Amino acid sequence: MVINMKIDILTLFPEMCENYLSASIIGRARKAGFLDINCHNIRDYTTDKHRRVDDKAYGGGTGMVMQSQPVYDCTVSVAGNENPRLIFMSPQGKVLNQSLVKELAKEERLIILCGHYEGVDRRVLDQLSFEEISIGDYVVTGGELPALILTDAVARFQDGVLPNEDAFTEESHYNGLLEYPQYTRPEVWRGEKVPEVLISGHHANIEKWKKEQSLKVTEEKRPDLLTDNK
């Protein structure tokens, strides 16, 4: 079997990432061989005898900064002789959206660096030319959750991960619109019935309803998306 994509996550908490990546759809895709995702402990690459990977920031400040040496050595070792796309999860980066996800999904290999504490020494980021990506205009404790979000979003586009292409092409944001409402059994719940068209068996009418509802939902919840796509 041909592996569609390789992703390496560089982190101080590999077990945190592994717990998520070993479950559900992503976990099954890894076991089936459609994805090659590995989590690497940056601490394994420090030259400090106490396995320290951080130190006080020059210029003062309240937190610690991850040092260049272990991040550099970890990245170079994991990359090997290849030239993967290097990504640093950072609130200062380009905000992740579906367009960027589709772009990243075309890469053969990604290395994703998770920062922690007050961040990472700027020199290693610059020297290795890390691309910065953010999951939104807010700050979280570390880069692990953002890295998992990016990994999950990109992995869904790989062959074999989802049952078929419709599993992602009909979802919110894929074509610039939000997804239409979804319903399941029972047909009537607390006095409310599933829209008649969905149980009619008329495929053309169902597709028309889905498109109309996507436009309606987008206009109600995210009208900015309609403006962006004009």
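Remember, it's a predicted structure, so these values are computed and weren't measured experimentally.
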If you draw a 6.0 Å radius around CZ in R123, do more than 12 non-hydrogen atoms from other residues or ligands fall strictly inside?
no
V197 side chain reached by H202 side chain, heavy atoms, under 4.5 Å:
no
Can you give the donor-acceptor pairs under 3.5 Å from side chains of residues 54-61 to other protein atoms, not counting sequence neighbours?
none

To the nearest 0.5 angstrom, please state how far the CG atom of L35 sits from the CZ atom of R28.
12.0 Å
Listed by chain and number, what are the salt bridge (charged side-chain N to carboxylate O under 4.0 Å, His left out) partners of D48, not counting sequence neighbours?
none
With ILVMFWY side chains joined below 4.5 Å, transitively, what does V95's cluster contain besides itself?
none
Going by side-chain contact (heavy atoms from CB on, under 4.5 Å), name the residues that satisfy it together with L215, two or more places apart in sequence or in a different chain.
L177, L226
Start with the C-alpha distance between K6 and N38, add both sets of side-chain angles, then the distance that settles side chain to side chain contact (heavy atoms under 4.5 Å, CB included), and finish with yes or no.
CA-CA 8 Å; K6 182 174 183 179; N38 298 283; 4.0 Å; yes
Sorted by chain and residue number, the side chain to side chain donor-acceptor pair (under 3.5 Å) partners of S134 (sequence neighbours excluded) come out as none
Yes or no on side chain to side chain contact (heavy atoms under 4.5 Å, CB included) for T141 and H116, after CA distance, side-chain angles and deciding distance?
CA-CA 7 Å; T141 305; H116 219 73; 4.2 Å; yes
If only atom types and distance count, is the side chain of S214 paired as donor or acceptor with the main-chain N or O of L178 below 3.5 Å?
yes
Is the shortest heavy-atom distance from the side chain of C39 to the side chain of L21 under 4.5 Å?
yes
Quick one, Q182 with Y180, criterion side chain to side chain contact (heavy atoms under 4.5 Å, CB included). Give me CA distance, side-chain angles, the key distance, then yes/no.
CA-CA 7 Å; Q182 299 280 7; Y180 49 83; 3.5 Å; yes
Rounded at 0.5 Å granularity, tell me how far CH2 in W209 sits from CD in E207.
11.0 Å
Min side-chain heavy-atom separation Q158-I7 under 4.5 Å:
no
Here the salt bridge (Lys or Arg N to Asp or Glu O under 4.0 Å) pairs for residues 62-75, sequence neighbours left out, are none
Partners passing side chain to side chain donor-acceptor pair (under 3.5 Å) against R185 (at least two apart in sequence or in another chain)
none
With L150, which of L110, V101, I135 fulfils side chain to side chain contact (heavy atoms under 4.5 Å, CB included)?
L110
If you round to the nearest 0.5 Å, how far is OH of Y20 from OG1 of T151?
9.0 Å
Could you work out, with side chain to side chain donor-acceptor pair (under 3.5 Å) as the rule, every residue matching D126, not counting sequence neighbours?
R122
Taking all atoms of both residues into account, what is the closest heavy-atom pair of A105 and V154, and its distance?
CA-CG1, 3.7 Å
Does L145 belong to the same Ile/Leu/Val/Met/Phe/Trp/Tyr cluster as I87, with side-chain heavy atoms less than 4.5 Å apart forming each link?
no
Mind checking the CG-OG1 spacing from L198 to T184? Nearest 0.5 Å is all I need.
11.0 Å
Other residues, nucleotides and ligands only: do more than 12 of their heavy atoms fall within 6.0 Å of CD on E219?
no
Distance-only, no hydrogens or angles: does the Q67 side chain make a donor-acceptor pair with backbone N or O of D121 under 3.5 Å?
no
Give every residue pair that meets the ring-ring contact (aromatic ring centres under 6.0 Å, His included) criterion with at least one member in residues 89-108, sequence neighbours excluded.
none
Are Y138 and I133 connected in the hydrophobic side-chain network, where two residues link if heavy atoms are under 4.5 Å apart?
yes
For V124, which fellow cluster members are found when Ile, Leu, Val, Met, Phe, Trp and Tyr are connected by side-chain heavy-atom distances below 4.5 angstrom, either directly or through intermediates?
L10, L12, F13, M16, I42, Y45, V53, M64, M66, V71, Y72, V76, V78, L86, F88, I111, L113, Y117, V120, L125, L128, F130
Donor-acceptor pair, T46 side chain versus R52 backbone, under 3.5 Å?
yes
If you round to the nearest 0.5 Å, how far is CG of N41 from CD1 of I9?
13.0 Å
Please tell me if the side chains of I26 and L148 come closer than 4.5 Å, counting only heavy atoms from C-beta onward.
no
In terms of heavy-atom contacts, does CD of E192 have more than 12 from other residues, nucleotides or ligands at under 6.0 Å?
no
Candidate pair M89 and I112, rule side chain to side chain contact (heavy atoms under 4.5 Å, CB included), full reasoning
CA-CA 7 Å; M89 305 309 301; I112 307 173; 3.7 Å; yes
Which value, rounded to the nearest 0.5 Å, describes the distance between C114 atom SG and E144 atom CD?
4.5 Å
Show the nearest heavy-atom pair for residues R156 and L162, with the distance to one decimal.
O-CD1, 3.6 Å
What pairs meet the salt bridge (Lys or Arg N to Asp or Glu O under 4.0 Å) rule with one or both residues in residues 79-92, with sequence neighbours excluded?
E82-R109, R85-E103, R85-E107, R85-E131
For N19, what residues pass the side-chain contact (heavy atoms from CB on, under 4.5 Å) criterion, not counting sequence neighbours?
none
Would a single hydrophobic cluster contain both I199 and W189, if residues Ile, Leu, Val, Met, Phe, Trp and Tyr are joined by side-chain heavy-atom contacts under 4.5 Å?
no
Is the closest side-chain heavy-atom distance between R30 and S22 below 4.5 Å?
yes
